[in-house]
Structure formats: C-alpha cells, structure tokens
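See below for the structure under consideration.
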Amino acid sequence: MSALLDVKREFPILAQSARGKPLVYLDSAATTQKPRAVLEALRRYYEEDNANVHRAVHLLSERATKAYEGAREKVAAFLNAPSIREIVFTRGTTEAINLVAHTFGRTRVGAGDEVLVTHLEHHSNIVPWQMLCQSKGAALKVVPVLDNGELDLAVLDRLLGPKTKLLALGHVSNALGTINPVRDIVAKAKAKGIPVLIDGAQAVPHLKVDVQALGCDFYAFSGHKLYGPTGIGALWAKAEHLDAMPPWQGGGDMIASVRFEETLYNVPPAKFEAGTPDISGAVGLGAAIDWLTALGLDRVEAHEKALLEKGTALLSAVPGLTLVGTARHKAGVLSFTMEGIHPHDIGTVLDRQGIAIRTGHHCAQPLMERFGVAATARASLGVYNTEADLEVLAKGLTKVREMFA
Ligand code: PMP
C-alpha cells in the first residue's frame, strides 16, 4: 500500500525537530498545521490589502472587503450552500453553535420542549444546549452510543418526538472518529418536521460536505481544523432561518440604522456579524479551502482511509493496547488506552520521541464516562501524515510499554 498524497513539504512547521527528533504531528483533530499557501495569503493580505471592511470608499478598504466577501463565496461553494447570504463568519464551531442557541434556540425552545443531542458530542455541542434548556425549562435528551462508538439509531428514532425542537449532532466524532450517517439521520428528523444542526468541525477536513444533499438546517465548522487560521469559522444556515432569527450581538455592521428610539437591523449575514470581523482569518480560510479543493477531497479521503487502516493494524498489534471507538465508518482518529499506563504518561513518553498526540477527555467527558475511562490517548491524522509517521508511532508505543512494563 502506498500513501496517495505527498504534501508534507508544503507545511513549513513540519520540517522541524522536536526534542531532537523529527517532528511527527498526530494531533490534527485538535488543530491542523497550515500549508505555505495559507501562510502566504495571510502575509499578502497584511502587506497589500489590510483595511477595515464595508465602511470606506478608499482603495484598500475596497480590496479588503473584496477579499473578505470573496472568502464567503469560497465557503459557500465549499459546502454547496445555495447562497452566500447563508454563510455567517464566526470565531469557529463553538461560536456558531452558540449563535444558533442564542437566536434560533431562544425563540423556538420553550418550557416542556426538548433538544436532542448525542452521547458522542464535543462539549461545544452540549453545553450551549444545556444552558438554553436550563433557562427555558426545556429538557436535554441524549441519543446513546453503542460499544463500537456508533449511535444507537433505534433509540434515536424513539427520541425524535413531538416535543423535539432541534436535533444537534456531530458529523464526525473528535474523540472516536465515528462518521455518523448524518444524511439518514437528517431524513428521519425532517420527516417529523424537526430542524437539524450539524457540528461539522471534524468532517470538513476529511469528507466532501454538501449541505443541500444532507438536507440539514445548520452546519458549523472551524477554519483551524481545515488547514486555515485560528479565530475564524463559519455557520451555514438556511436563509429562512437567518431571516427569522433575531440578532444576538449588537454593534457596528449588524445594523441598517440606529436611533435611540429604535434600531433597524441589517439583512443576513451582516445581521449576525457585529463589529470588525476576522478579515485576515477569512482570507486565510479562503486560501485553505482553495488549497484543499485543488488537492481534491476524494483524494484526501482515500489517503486518510489508507492511513487509518494501516494505523489500526499497527496499534492493534501493540500488546495491552485497546482501541476505543471501532465504528464501521471512521475518519482518521485512533483513540486508545494501554493497560496499566495512564494516557498522560503515554503522551509524555511519545513527546520525548518527537511524536505529538493528545491525551485527555478531548472535550467529550460524557463519552469518556460512557466508555468507563477518564481519558484516552488520541492520534489523529491530517493530509500531511504518512505511513512512516504511523510506524514511528507504533515504535514509540513499544517504548512506552517497555518503560512501564
Ligand atoms: N466540535 C467538534 C467535534 C470538535 O472537534 C471541536 C474542536 N475540538 C469543536 C466542536 C469546537 O471547535 P472550536 O474549538 O474550533 O470552536
């Protein structure tokens, strides 16, 4: 088997040594590294175009506005959104979900209603709904997860009921890598008239996403997990929702006119983008989308699938290692525990060998509790990873065992 992609050289940060060893970066589910194309787009923006957007007639402002709005067009095309008006820039997935909770949620969810999430969710797709439910006297319901890390779809069917005002679920689990059958799940919810929000933070870097084919109402993602900068992400929402939703943050740009007696709000997406946005972030995100699209998401998917298979085989052969999350459809996440060794010790020993993985609860404490562990060690893959990286990891884990045996 040969890896299909060879792009590591395009990531300057990966050329360095860590602890005197060649850096092996296996923490892309936390954040991805950035290709030169993104770094150059950021530098070019600040060297040539930097100005505030939307509010001036001068040349630089015109260029900055064009760059910012151009990035919105790229996000819309990337998700196959019907209109650029449906793309709201946010700080990331967390802010996008909070936006929906504070606007759509605040107006749609009342006492006695239910919001449905799943046991696989990241905290950012649990806590905003929990806060909303608490403030409204509504109930948070949870779709259980099976032992292999797949959702219990039979229970999901039963939980989608007349009181359900929203289903909020992840496309891909950051902690286990499970790819949920979101298209089928959305169809089930929509058949009962229930709106669906999808947390796509871990999906967009790995899979081709088409919001129209999915049929959902909201889709959220973060730029930094997509080879773009931190501090920028997006919410796609159906125009009918954005039109009906009240604004949440007030300030510049989100208004049509302000008088002390009354303020009239701007149309979406500006209605939801108060204040100076992360212009350079959007430019960087646009460059990341261009870069990934040129690479081809089907090739990315094939590359990561091949690596995941290789990694699964290598890790399964390590004595005393248990993979947590063995769903039939998985993205590039290898979550595991080792008998008698604390995950933090695994991470520390690997770090000394230049291998970067993540250990902890991965912002999914209910899921960890479900699997009876406080934490796991997690190696997660990106486009730049190679078979050699996984071999280094497997050797590193053998060392971990030797040290603690
Ligand atoms: N959802 C999932 C599935 C995630 O993996 C993450 C990030 N780990 C988030 C939401 C939150 O993303 P951000 O911190 O970029 O807002």
Side-chain angles (χ1 to χ4, degrees), residues 25-34 38 75 88-102 117-131 142-143 145 149-151 167-180 182 185 196-207 209 214 216 218-236 272 277-278 281-282 284-285 288-289 304 324-325 327 329-335 356-368 370 375-382:
Y25 187 77
L26 290 165
D27 196 18
S28 293
T31 199
T32 54
Q33 300 302 348
K34 322 305 171 197
V38 168
V75 173
V88 180
F89 280 122
T90 62
R91 278 196 299 122
T93 309
T94 304
E95 191 176 66
I97 295 172
N98 276 277
L99 189 163
V100 179
H102 279 266
V117 297
T118 87
H119 217 131
L120 282 172
E121 300 315 309
H122 186 279
H123 294 163
S124 65
N125 202 25
I126 299 174
V127 184
W129 306 117
Q130 203 168 38
M131 291 162 75
V142 184
V143 180
V145 66
E150 294 180 14
L151 290 176
L167 166 63
L169 87 157
H171 195 159
V172 173
S173 156
N174 67 308
L176 306 185
T178 309
I179 302 175
N180 288 320
V182 280
I185 293 174
V196 183
L197 174 141
I198 298 178
D199 167 355
Q202 297 293 342
V204 286
H206 308 295
L207 315 166
V209 171
L214 288 177
C216 55
F218 303 97
Y219 199 95
F221 76 91
S222 302
H224 72 100
K225 305 208 194 252
L226 188 68
Y227 309 100
T230 49
I232 187 80
L235 170 72
W236 167 77
F272 301 100
D278 183 356
L285 173 57
I289 286 174
E304 292 176 353
V324 184
H329 299 291
K330 270 184 71 172
V333 171
L334 293 155
S335 224
I357 64 153
R358 184 145 300 245
T359 62
H361 54 60
H362 317 295
C363 295
Q365 280 184 329
L367 186 63
M368 296 292 112
R370 158 68 180 81
T376 70
R378 181 190 71 184
S380 56
L381 306 172

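Atoms within a ligand are numbered from 1 in the order they appear, just like the ligands themselves.
Take Glu121 and apply the side-chain hydrogen bond (donor to acceptor under 3.5 Å, both in side chains) test, not counting sequence neighbours, and it matches Thr118, Asn125. The side-chain hydrogen bond (donor to acceptor under 3.5 Å, both in side chains) check on Ser222 picks up Thr93, with sequence neighbours excluded. A search for side-chain contact (heavy atoms from CB on, under 4.5 Å) contacts involving Arg358 returns Asp27, Ala30, His362, Arg378, not counting sequence neighbours.
Protein residues having a heavy atom under 4.0 Å from any atom of ligand 1 are Thr93, Thr94, His122, Ser124, Asn174, Asp199, Ala201, Gln202, Ser222, His224, Lys225, listed by chain and number.
Listed here is the closest heavy atom pair of Pro229 and Gly284: CD-C, 3.5 Å. The two residues Gly149 and Leu176 make their nearest non-hydrogen contact at CA-CD1, 3.8 Å.
Among Leu151, Leu214, Ile198, the one residue that satisfies the side chain to side chain contact (heavy atoms under 4.5 Å, CB included) test with Ile185 is Leu151.
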